Amino acid sequence: MLGCLALCLSSCDFLLGKKKDDTIKDIFKEGSIDPNLIPSQVGYVPINPVWNFFSHPVDVYVGYDELVYVVDDNGLNIMDLRGSIQNTIRIKGAKEVVQDRRIHTYVIGRIDTMINGRNWSLPAVFHYQMTGTLHPICIDTIIHPFDDYSRKSIGLRAQDEQVEFTGLATRADNVLYVARTGVVNDNNSTAFPDNTILFFDPNGRNTGYANGLNASQPSLRSAVSISGLASFTGPPQLINGVSPSHDFLITQSRYYRRDSFEYPVLYIKEQVDPDAGTSYVENPYLLNYDTTKARKFLLDPYRFLDPQDIYVAPDVTGYFFVVDAAKDSLYQFTSAGFEGVNPPAGSRRTRQIIVSFGGHGAGPFQFNHPSGVCYFSKTVFVADRDNNRVVRFRLSTDIE
């Protein structure tokens, strides 16, 4: 494998914060909640301060080490939960970040190299240890196409520079999922299609791909123009509480295509057949449009225009969070695909309460091309790209 790019590191001391505003019962260490913005009904509430010191942040992730990782034009920014930047790792074309249970950190970027007398810019996943220190170590680099074992005998193609890595997720066993998009998707080829999810073991070896997903035609079982990827494993590190599921969710973005998708957000299940082997299929339970329980659903046709990212809450709620860059909105669903949250205790409501929100702008409930989302400690983090900020929200029923 090729070596890592040279890294330019910068750091600053951590700042100590204080709890404020005694009128709110739950003010947690990351910031305070403005009581003037708490809705009379159930909904999400902004947390102050807004972190508005980024340059086009495209992803945000809170790791098992309880550090906040923000990817922007400068690379990977590493922060504490109060918003104090500890370090910045310069990575060309950085766009996604995730961490496994070993507290190893993975970042999508690009690497420039010369091969056979020609300069190439290729998609890469940089694998780091010790990102919580001032001297993180890049121990490995996954590079397309060299680390796709089905491509070893084919060599480089001109189209490989059009390939993108677009999403990362990890499983409880530290297997890494990498979403890939590109223009070569021949179903008759022995090579894996460009549009797919690749699997890598904890040592960085490619072990296969998401066989069964259509690489060229959008459907309930496709992997076309993937923009976001999420597994069911995430921080915090819970003893006997981490999901062993191999299932995952993806968003498919029209950014990579001119047409729109009927079902751009998909819940993909692993299916193991003793004879046929392992394949990946749609989750049929999400097709349950039970209007006695919800008014809107994850699989409502054309529900989204340009979903850029998705995240699964690893706690008992199991909520799905989706950000749509075209609608400038944040959406929340239950694990059954119902939009909204459960009615609070004592409520007369019988259906899910919709708490999705957004709209174009820079206000506390608005976005401008949101591109990344994550969830940690009952808090939703959104990378609000073109507002150059990361914003945080907490459900009102969690602070009352």
Side-chain angles (χ1 to χ4, degrees), residues 44 51 54-62 69-73 76 93-98 106-109 123 125 163-169 177-182 195 197 218 222-231 234 248-268 298-300 302-313 319-333 339 356-362 365-375 380-393:
Y44 279 96
W51 296 339
F54 297 104
S55 177
H56 303 107
V58 292
D59 196 25
V60 57
Y61 181 83
V62 182
Y69 295 85
V70 179
V71 176
D72 72 353
D73 291 341
L76 179 65
K95 62 172 60 176
E96 297 284 337
V97 59
V98 77
Y106 298 89
V107 187
I108 289 175
V125 176
V163 170
E164 300 277 352
F165 288 152
T166 57
L168 298 171
Y177 290 176
V178 180
R180 183 174 69 186
T181 66
N195 291 337
I197 307 293
S222 63
V224 180
S225 302
I226 301 170
S227 54
L229 172 64
S231 70
F248 55 88
L249 293 101
I250 62 172
T251 57
Q252 299 172 111
S253 171
R254 71 174 188 175
Y255 174 82
Y256 299 98
R257 294 170 60 102
R258 293 182 178 179
D259 56 331
S260 59
F261 293 87
E262 187 173 7
Y263 303 108
V265 179
L266 299 179
Y267 183 152
I268 303 298
L298 183 72
L299 291 184
D300 280 341
Y302 303 103
R303 183 73 179 86
F304 306 97
L305 289 178
D306 191 13
Q308 285 291 304
D309 200 15
I310 188 166
Y311 198 85
V312 179
Y319 290 146
F320 302 161
F321 298 94
V322 178
V323 286
D324 189 309
K327 291 190 173 183
D328 291 311
S329 294
L330 168 68
Y331 297 89
Q332 180 271 331
F333 301 86
E339 185 169 358
S356 306
F357 64 91
H360 184 76
F365 296 100
Q366 297 175 314
F367 303 102
N368 188 356
H369 204 112
S371 299
V373 62
C374 77
Y375 176 94
V380 184
F381 296 70
V382 177
D384 191 9
R385 192 189 77 176
D386 288 346
N387 277 325
N388 298 306
R389 65 185 186 179
V390 169
V391 286
R392 297 164 293 158
F393 303 90

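All heavy atoms count here, side chains included; hydrogens, waters and symmetry mates do not. Quick caveat: nothing in here was measured; it's all calculated off a predicted structure.
- Closest approach of Val323 and Ser371 over heavy atoms only: CG2-C, 4.1 Å.
- Between Val312 and Ser231 the shortest side-chain heavy-atom distance does not fall below 4.5 Å.
- Between Trp51 and Phe381, the ring planes lie tilted relative to each other; the angle falls in the 30° to 60° range.
- Separation of the Phe357 and Phe367 ring centroids falls under the 6.0 Å cut-off.
- Looking at Asp324, its side chain never comes within 3.5 Å of a backbone N or O of Leu330 through a donor-acceptor pair.
- Here the shortest heavy-atom pairing between Val373 and Phe321 reads CG1-O, 3.8 Å.
- Listed for the Asn368 side chain is no donor-acceptor partner under 3.5 Å among the backbone atoms of Asp384.
- Looking at Gln366, its side chain does come within 3.5 Å of a backbone N or O of His360 through a donor-acceptor pair.
- Between Gln332 and Glu339, the shortest heavy-atom distance links the atoms O-CG, 3.5 Å.
- Taking every heavy atom of both residues into account, Val390 and Phe54 meet most closely at CG2-CE1, 3.7 Å.
- Distance alone, capped at 3.5 Å, places no donor-acceptor pair between the Asp309 side chain and the Gly372 backbone.
- Counting all heavy atoms, side chain and backbone alike, Pro218 lies closest to Ser222 at CA-OG, 3.6 Å.
- Closest of all the heavy-atom pairs between Val97 and Asp59 is N-OD2, 3.0 Å.
- A heavy-atom distance below 4.5 Å is not found between the side chains of Arg392 and Val380.
- Atom CD1 of Ile250 sits about 6.0 Å away from atom CD1 of Ile197, to the nearest 0.5 Å.
- Checking Ser227 against Thr251 by side-chain atom types alone, a donor-acceptor pair falls below 3.5 Å.
- Leu266 CG to Leu298 CG: the interatomic distance, rounded to the nearest 0.5 Å, is 8.5 Å.
- Interatomic distance, Lys95 NZ to Gln308 CD, rounded to the nearest 0.5 Å: 9.5 Å.
- For the pairing with Ser253, the side-chain hydrogen bond (donor to acceptor under 3.5 Å, both in side chains) check across Asp306, Thr181, Thr166 returns one residue only, Asp306.
- Atom NZ of residue Lys327 and atom OG of residue Ser356 lie 10.0 Å apart, to the nearest 0.5 angstrom.
- Interatomic distance, Ile310 CD1 to Ile226 CD1, rounded to the nearest 0.5 Å: 12.0 Å.
- Not less than 6.0 angstrom separates the ring centroid of Tyr319 from the ring centroid of Tyr375.
- Atom CZ of Phe333 and atom CG of Asp300 lie 8.0 Å apart (nearest 0.5 Å).
- Side chain of Ser225 to backbone of Gln252: no donor-acceptor contact under 3.5 angstrom is found.
- Annotation: side chain of Val224 is in contact with side chain of Phe261 (closest heavy-atom distance under 4.5 Å).
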Could you walk me through whether Leu168 and Val178 pass the side chain to side chain contact (heavy atoms under 4.5 Å, CB included) test, one step at a time? CA-CA 5 Å; Leu168 298 171; Val178 180; 3.9 Å; yes
